[in-house]
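Chain naming here is simple, since letters A, B, ... match the order of the sequence lines and numbering starts at 1 in each.
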Number of protein chains: 2
Amino acid sequence: MATSNRSTGEALLFLTDEQLRQGIEAMFFAYRGFTADPDRILDKYGYGRAHHRAIHFINCVPGTTVNNLLHILGVTKQSLNRVLRSLIEDGLVEAQVGQKDRRERHLYLTETGQSLEQELSNAQRARMRSAYRDVGADAVSGFRQVLEAMMDPEMKRAYWKLRDNEGTDK
Amino acid sequence: MATSNRSTGEALLFLTDEQLRQGIEAMFFAYRGFTADPDRILDKYGYGRAHHRAIHFINCVPGTTVNNLLHILGVTKQSLNRVLRSLIEDGLVEAQVGQKDRRERHLYLTETGQSLEQELSNAQRARMRSAYRDVGADAVSGFRQVLEAMMDPEMKRAYWKLRDNEGTDK
DNA sequence: TTGGAATGTCAACAACACTGACATAAAATG
DNA sequence: CATTTTATGTCAGTGTTGTTGACATTCCAA
């Protein structure tokens with residue numbers, strides 16, 4: 001606390017309970033902003049955040065199964081099922097019975113579904129892009145590092161797996 | 001823009017839709033980790049995240065009113081009321097009628113409430129501290145900058161106000 | 001073929017957000 | 001001072017989304 005070197009002071013300072021609590025509150029308020037734009041759009045269509053998450057990851061991994069999706073989302077299959085049912089009824093998602101294993105349902109976005117996904121993504125990316133622009137590349141790098149360090153190991157694996165998919169697919 | 005240094009190269013790279021999407025997913029998975037430890041503790045007592053948020057901010061700003069609290073939390077007073085009622089019934093929170101304006105209820109944590117707040121904070125800070133340690137001070141600074149840039153202006157003001165309170169009070 | 005494991009669906013319940021209606025107290029207006 | 005308006009907080013009912021429990025279907029292995 002009584003050090004005169006600022007960076008050493010910070011190295012000690014940012015681990016105080018006070019600094020940690022500010023980080024916690026920053027996460028809380030930022031997540032509100034993070035979900036605000038998609039929430040407004042979803043309201044128009046009578047959907048909620050659960051629908052958004054399902055649409056997002058089906059778009060990421062087309063043909064994924066219900067079982068795989070619920071592991072990514074971290075909810076029970078019963079909870080996911082209700083959301084999927086409404087999306088299928090409304091023609092945004094298509095469920096194809098697996099050819100190898102007919103217990104599985106492979107999920108795809110229809111054109112309508114892709115259209116909504118775009119609308120949601122564009123809104124959320126706009127805020128992210130704006131924030132990134134404001135703070136610069138180094139800050140963004142730190143942001144990503146801290147987020148990854150905060151994940152449960154299991155979630156970290158899911159996160160990497162998604163990144164690998166996209167890296168190799170395209 | 002045509003400079004060859006590293007930060008400019010990243011400045012172009014991290015704004016692609018792909019990079020932005022990864023940031024979005026990182027937020028999603030990290031927030032799960034962020035709430036995981038408190039959620040486990042709250043389960044033991046039959047509480048949920050809503051109770052945690054109320055306890056957290058009552059602890060931050062002792063004597064705050066219901067009206068002030070619901071602005072910070074971004075929920076309706078009816079929603080907050082249900083949570084407060086159970087916390088008061090269980091003896092974790094005390095509501096004192098205002099002396100100047102007797103419509104107001106000033107909220108304080110009881111000793112029991114402070115004890116639970118400590119248990120929750122310690123768990124959440126432990127994860128945050130671990131993440132901060134893993135990545136270093138510079139990354140933490142970037143993390144905080146991006147989070148702040150992602151907040152709605154209104155939330156940013158609430159965030160600053162809380163920081164100012166603590167800075168001047170102590 | 002039969003028993004168990006995996007996958008997905010249907011039903012009921014709990015937490016927590018919301019809107020609407022209302023009681024009380026303060027402030028403004030006549 | 002009486003009345004109206006405004007602010008604060010409470011109670012009741014509804015919808016979304018999470019949960020557990022029970023079940024049908026399909027695959028696989030003994």
Side-chain angles (χ1 to χ4, degrees), chain A residues 28 31-32 35-36 38-58 63-90 93-108, chain B residues 28 31-32 35-36 38-58 63-90 93-108:
Chain A
F28 172 70
Y31 200 79
R32 292 258 298 278
T35 55
D39 281 352
R40 271 188 287 274
I41 295 168
L42 290 159
D43 255 10
K44 292 193 305 181
Y45 299 94
Y47 294 135
R49 253 177 234 180
H51 300 84
H52 183 192
R53 292 195 284 264
I55 288 173
H56 178 100
F57 287 107
I58 292 173
T64 188
T65 62
V66 174
N67 199 34
N68 184 30
L69 195 55
L70 63 90
H71 280 118
I72 294 173
L73 295 174
V75 298
T76 57
K77 57 186 178 178
Q78 297 90 329
S79 184
L80 177 58
N81 185 257
R82 189 190 319 107
V83 171
L84 284 178
R85 200 189 318 167
S86 69
L87 289 174
I88 290 170
E89 278 174 5
D90 296 351
V93 168
E94 195 181 5
Q96 293 184 0
V97 175
Q99 295 190 334
K100 263 189 57 179
D101 188 336
R102 283 166 50 197
R103 291 172 302 183
E104 294 178 341
R105 302 284 180 273
H106 296 273
L107 304 168
Y108 301 89
Chain B
F28 172 69
Y31 200 79
R32 292 258 299 278
T35 55
D39 282 352
R40 270 188 288 274
I41 295 168
L42 291 159
D43 256 10
K44 292 193 305 182
Y45 299 93
Y47 294 136
R49 250 176 238 180
H51 299 83
H52 183 193
R53 292 193 285 264
I55 289 173
H56 179 101
F57 286 107
I58 293 172
T64 188
T65 62
V66 174
N67 201 33
N68 184 30
L69 195 55
L70 62 90
H71 279 117
I72 294 174
L73 295 175
V75 298
T76 58
K77 56 186 178 178
Q78 296 92 329
S79 183
L80 176 58
N81 184 258
R82 187 190 328 108
V83 170
L84 283 178
R85 200 190 318 166
S86 68
L87 289 175
I88 291 170
E89 277 173 7
D90 298 351
V93 168
E94 196 180 4
Q96 293 183 1
V97 174
Q99 295 190 334
K100 264 189 57 180
D101 188 334
R102 281 166 49 198
R103 292 173 302 184
E104 294 177 341
R105 303 283 180 276
H106 296 273
L107 303 168
Y108 301 89

Interatomic distance, [X] atom [atom1] to [Y] atom [atom2] [nearest 0.5 angstrom]:
X: A:Glu104; Y: A:Thr64; atom1: CD; atom2: OG1; result: 9.5 Å
X: A:Lys77; Y: A:Leu84; atom1: NZ; atom2: CG; result: 13.5 Å
X: A:His71; Y: A:Leu73; atom1: NE2; atom2: CG; result: 11.0 Å
X: A:Thr76; Y: A:Leu80; atom1: OG1; atom2: CG; result: 8.0 Å

For atom [atom1] of [X] and atom [atom2] of [N], their distance in whole Å:
X: A:Leu80; N: D:dG18; atom1: CG; atom2: P; result: 9 Å
X: B:Asn67; N: D:dT8; atom1: CG; atom2: P; result: 4 Å
X: B:Asp43; N: D:dG18; atom1: CG; atom2: P; result: 15 Å
X: A:Gln99; N: D:dC27; atom1: CD; atom2: P; result: 12 Å
X: B:Asp39; N: D:dG18; atom1: CG; atom2: C1'; result: 12 Å
X: B:Arg103; N: D:dT10; atom1: CZ; atom2: C1'; result: 15 Å
X: B:His106; N: D:dA7; atom1: NE2; atom2: P; result: 17 Å
X: B:Leu69; N: D:dG9; atom1: CG; atom2: C1'; result: 13 Å

OP1 or OP2 of D:dT26 under 4.0 Å from side-chain N/O of A:Arg102: yes
Dump the pairs, protein N or O against N or O of nucleotides 11-16 of chain D, anything under 3.5 Å, distances to one decimal.
residue	atom	partner	partner atom	Å
D:dC11	OP2	B:Arg85	NE	3.4

Under the salt bridge (charged side-chain N to carboxylate O under 4.0 Å, His left out) test, residues paired with B:Asp90 that sit two or more places apart: none
Parallel, tilted or perpendicular: rings of A:Phe28 and B:Phe57 (30°, 60°): tilted
Ring geometry between B:Tyr45 and B:Tyr47 (parallel below 30°, tilted from 30 to 60°, perpendicular above 60°): parallel
Nearest heavy atoms of B:Ala54 and B:Val83, plus distance in Å: CB-CG1, 4.2 Å
Range on DNA chain C touched by chain A, heavy atoms, distance below 4.0 Å: C:dA5 to C:dA11
Residue met sooner reading DNA chain C from 5', once B:Gly98 and B:Thr76 are mapped to nucleotides: B:Thr76
A:Asn81 and A:Val66: CA distance, side-chain angles, deciding distance, side chain to side chain contact (heavy atoms under 4.5 Å, CB included) verdict: CA-CA 8 Å; A:Asn81 185 257; A:Val66 174; 5.9 Å; no
